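Chain identifiers are assigned alphabetically (A, B, ...) following the order of the sequence lines, protein sequences preceding nucleic acid strands; residue numbering begins at 1 within each chain. Keep in mind that this is a model prediction, so the values were computed, not measured.
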Amino acid sequence: GAGVSQSPSNKVTEKGKDVELRCDPISGHTALYWYRQRLGQGLEFLIYFQGNSAPDKSGLPSDRFSAERTGESVSTLTIQRTQQEDSAVYLCASSIQDGPFRDQYFGPGTRLLVL
Amino acid sequence: AQSVTQPDIHITVSEGASLELRCNYSYGATPYLFWYVQSPGQGLQLLLKYFSGDTLVQGIKGFEAEFKRSQSSFNLRKPSVHWSDAAEYFCAVAANQAGTALIFGKGTTLSVSS
């Protein structure tokens, strides 16, 4: 009965390094979303996965950002060659495929600081 | 393009007083609208949502919101605020009819004074 979990909860890295963020959705949730929340800003949509369909990558800000998901399980968001402007809280959400819209359940986020 | 505006960055309300948080949206078709709350150290929690039908929607924790198409607004209200309501509140609109992504406002921080 656990909710969406994310790891690590905090990550500090140096500019230019790669980072990998993990999201474990709620069991049985077929849809998974990644968002970014920069300081003082609302959430920005990054990418959406639904089952085995091609992901909606329309929100990824650059080709340094990529994400993977195997089936309906864990997803990883990878940021290559991190920049200081990548510092943000990265939030993951999952939902059940049910009707025209599905409630998104959010994880606690990973706070990323790029020095 | 779709967008959400929350005009108030920070609001302070006395405990027991009423609350209204403003939200204006820009969307060409019938919008799907949401209010989320983010308490310190916790993830976002859905308070309520509007898809169609009755323009006054009830949510959890005693919150309600009213959809006004003529004003492109979806303001959040609560008749009597509790100290535990202190948090950040986000209004959001679905980015497309499939609802595969949400567009969020920048949020309103609510402080509750005793």
Answer yes or no: are there more than 12 heavy-atom neighbours, outside A:Phe45 itself, under 6.0 Å from its atom CZ? yes

Between the CG atom in B:Leu44 and the OH atom in A:Tyr35, the distance rounded to the nearest 0.5 Å is 9.5 Å

Got more than 12 heavy atoms from elsewhere within 6.0 Å of CG, A:Leu115? yes

Where on A:Leu91 is there a heavy atom nearer than 4.5 Å to chain B: the side chain, the backbone, both, or neither? side chain

Heavy atoms only: give me the nearest B:Phe90-A:Gln37 pair and the separation to one decimal. CZ-NE2, 3.2 Å

Within the supplied structure, the quantity of interest is the number of heavy atoms (other residues, nucleotides, ligands) at a distance under 6.0 Å from B:Ile60 CD1; does it exceed 12? yes

Under 4.5 Å from any heavy atom of chain B, what part of A:Tyr105 do you find: side chain, backbone, both or neither? neither

Give a yes or no on whether A:Glu14 atom CD has more than 12 heavy-atom contacts from other residues, nucleotides or ligands under 6.0 Å away. no

Atom CD of A:Glu68: over 12 foreign heavy atoms under 6.0 Å: no

Proximal component of B:Leu46, with respect to chain A [non-hydrogen, under 4.5 Å]: side chain

Identify which part of B:Gln38 has an atom lying under 4.5 Å from any heavy atom of chain A, answering side chain, backbone, both or neither. side chain

